[in-house]
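Please read the structure below before turning to the comments.
In what follows, every heavy atom counts, from backbone to side chain, and hydrogens, waters and symmetry copies are set aside.
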Amino acid sequence: MKEYLVHPVFKIISEIVTRQDTPAFVIGGFVRDSILHRPTKDIDIMVLGSGIDLARSVAERIGGNTPVSVFKNFGTAMLHFKGMEIEFVGARSESYRKNSRKPIVEKGTLEDDLKRRDFTINALAIRLNEETFGQLVDAFDGLKDLQDKLIRTPLEPSKTFSDDPLRMLRAIRFSTQLNFTIDPVTFDAIGPNANRLEIISGERILDELQKIMACPRPSVGFKLLDKSGLLQYILPELCQLKGVEFKEGKGHKDNFIHTLKVLDNVSAVSENTWLRWAALLHDIAKPATKKFSDKVGWTFHGHDFLGAQMIPGIFRKLKLPLDQRMKYVQKIVAMHLRPSSLVQEEVTDSAVRRLLFDAGENIDDLMCLCEADITSKNEETVKKYLQNFKLVRKKLIEIEEKDALRNFQPPIDGQDIMHTFNLKPCREVGLIKNAIKDAILDGIISNNPDSAYQFMLKKGEELGLKVAKK
C-alpha cells in the first residue's frame with residue numbers, strides 16, 4: 001500500500017511517530033478512495049496517543065506558521081497542507097445512549113477504533129511507522145468487500161444503526177455514490193431502525209440527501225430510501241406518488257417511478273443541484289390533484305400550481321435554503337408544463353415570447369426539465385415530442401435574437417408614463433404598462449423605446465389622457 005502514501009505529509013508523520021515510538025495510521029475514506037482510484041482531498045490520521053499533539057508536531061515540522069485547528073471536546077485537530085485537509089485523532093472507543101447519536105468517547109486501542117467505524121470499507125488502515133510503513137490493517141475483510149463492491153457493517157448491523165442512525169443514510173449514500181450493493185443482512189437491519197432517524201438533526205439528513213442528489217443516478221438512492229422505509233420519515237410526499245390506480249379499464253402511470261426517471265434524465269445532462277430538486281418535486285402535487293373522468297380518464301389538473309405552493313413547506317422541513325434557490329425550484333415546478341403544452345399546438349411567436357418572458361434566465365433549465373419529463377416507453381411518442389421541443393428551442397433562439405426578451409424590461413416604465421401625462425401613481429399607469437408589455441409579447445410593436453413611446457401615446461389617448469406640456 002506504499003504506492004498510496006506519496007503525499008509529503010506521510011513522510012513527515014512517519015518520522016515523528018517512529019521517533020516517538022507511537023503507532024499511527026492513515027484510516028477511513030482516504031484508504032478506501034485510494035484503493036478505488038477515486039480523488040480525495042481529506043486524510044484522516046489515527047494515532048495510539050494524542051491526535052492534537054501529533055498535529056502540532058507535524059505543523060511545527062512543516063513550518064511557515066502552519067495553523068492548527070484544535071477541537072478539544074472531540075480530541076481532534078486539523079491542518080491544511082499541499083491541497084489536503086488532514087485531521088488527527090487519537091484511537092478511541094465509543095458507547096451510545098438510546099436518545100442520542102453522540103457517543104461517549106474514551107481512549108481505545110486500534111481494534112476499538114476500527115470496530116467503531118460504520119462500514120468495513122471504511123475500517124481499513126495503513127501503518128505509517130517506518131518499520132511497517134505501508135502495511136494494510138484489515139480486521140473485517142474490508143478489502144474483499146471493496147473488491148466485491150459490498151457495503152457491510154463491521155459489527156452486528158442492527159446495533160450499528162441503532163447506535164448511530166445516520167449510518168443507515170450513509171449506507172444508501174455510499175451504495176449510490178460507489179455503485180455498490182448493500183449486504184442483505186445489513187440492509188434488512190435498516191427497516192426496523194428507521195424510526196431512529198428521529199434523533200438525527202435535519203441538517204445531517206440533508207447533507208446525506210444532497211450527496212445522493214449529486215450522484216450520476218440519484219434514483220438509485222431514492223429507491224433504496226423507499227425500499228428500506230427511510231423515505232417515509234424523510235419525504236412522505238414522494239412516497240405518496242407510488243402506485244397505479246385503474247378505473248373502468250383506464251390507469252395512470254406510476255408517478256414515483258416516472259419522477260425518478262425524470263430525475264436521472266436531468267442528472268445525465270446537468271449538475272445543477274437545484275434543477276435536480278425541481279425534477280424530484282415537479283409532480284409532487286399529483287396525488288392531491290388526481291381526478292377521474294369518464295371522458296378523459298385520470299387527470300392531475302393544477303398539479304403544477306399546487307406543487308409550486310408546496311415547495312416552501314418541503315424546503316423548510318428538509319432544512320433546504322429558503323432563499324433564491326427555493327424560489328428557483330418553485331418557479332421551475334410552476335412552469336414545467338408550459339413548454340409541453342406549447343408543443344401540442346402550433347408554436348406561435350406570441351406563445352414563445354410569453355414563455356421566454358415568464359421564464360427569463362431560467363428558460364434553458366426549464367426546457368431541460370421538460371425534455372427530461374418525456375419518459376414514455378413508446379419510442380415514436382418520445383421522438384415526436386423531442387422533435388417538437390427542438391422546434392420550440394429554435395423559436396426561442398430566433399425570438400431572443402430578435403426581441404431580447406430573456407431578461408425583458410419594458411422600454412417604457414411607470415416613471416416615463418407619469419412624466420409624459422403628468423400623473424401620480426394610479427390605475428391608468430398600470431393599464432398602459434401592461435398594454436405596452438402585451439403589445440411587445442404579441443408582436444404588435446417592436447421591443448424598442450420609439451415603438452413603445454408611440455404606443456404609449458396612443459393608449460393614453462384612448463384613456464382620455466393628455467400629454468403634459470414641457
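For the 3.5 Å distance criterion, the side chains of His282 and Asp304 fail to qualify, holding no donor opposite an acceptor.
Salt-bridge annotation for Lys211 and Asp207: present, with a side-chain N of the basic residue lying under 4.0 Å from a carboxylate O of the acidic one. Between Lys11 and Glu15 a salt bridge is recorded (basic side-chain N to carboxylate O distance below 4.0 Å). Electrostatic pairing of Asp164 and Arg170 does not count as a salt bridge here, judged by no charged N lying under 4.0 Å from a carboxylate O. At a threshold of 4.0 Å, the pair Asp112-Arg116 does not count as salt-bridged, since none of the basic side-chain nitrogens sits closer than that to a carboxylate oxygen.
Taking the centre of each ring, Phe30 and Phe10 come in below the 6.0 Å mark.
Put simply, the side chain of Asp183 gets close to the backbone of Thr186: a donor and an acceptor are under 3.5 Å apart. When atom types are taken as modelled, the side chain of Ser228 and the backbone of Leu224 share a donor-acceptor pair closer than 3.5 angstrom. For Ser162 (side chain) and Ser158 (main-chain N/O), no donor-acceptor pair under 3.5 Å exists by modelled atom type. Arg217 places no side-chain N or O within 3.5 Å of a backbone atom of Asp264 that could act as its donor or acceptor partner.
Taking the ring centre of Trp298 as origin, the terminal cationic atom of Lys290 falls inside the region bounded by 6.0 Å and 45° from the ring axis.
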Distance-only criterion, 3.5 Å: show the donor-acceptor pairs between side-chain atoms of residues 138-145 and protein atoms not counting sequence neighbours.
residue, atom, partner, partner atom, Å
Asp138, OD1, Asp141, N, 3.1
Asp138, OD1, Gly142, N, 2.7
Asp138, OD2, Gly142, N, 3.4
Asp138, OD2, Leu143, N, 3.1
Lys144, NZ, Asp148, OD2, 2.6
Asp145, OD2, Thr120, OG1, 2.6
Asp145, OD2, Arg152, NE, 2.9
Asp145, OD2, Arg152, NH2, 2.8

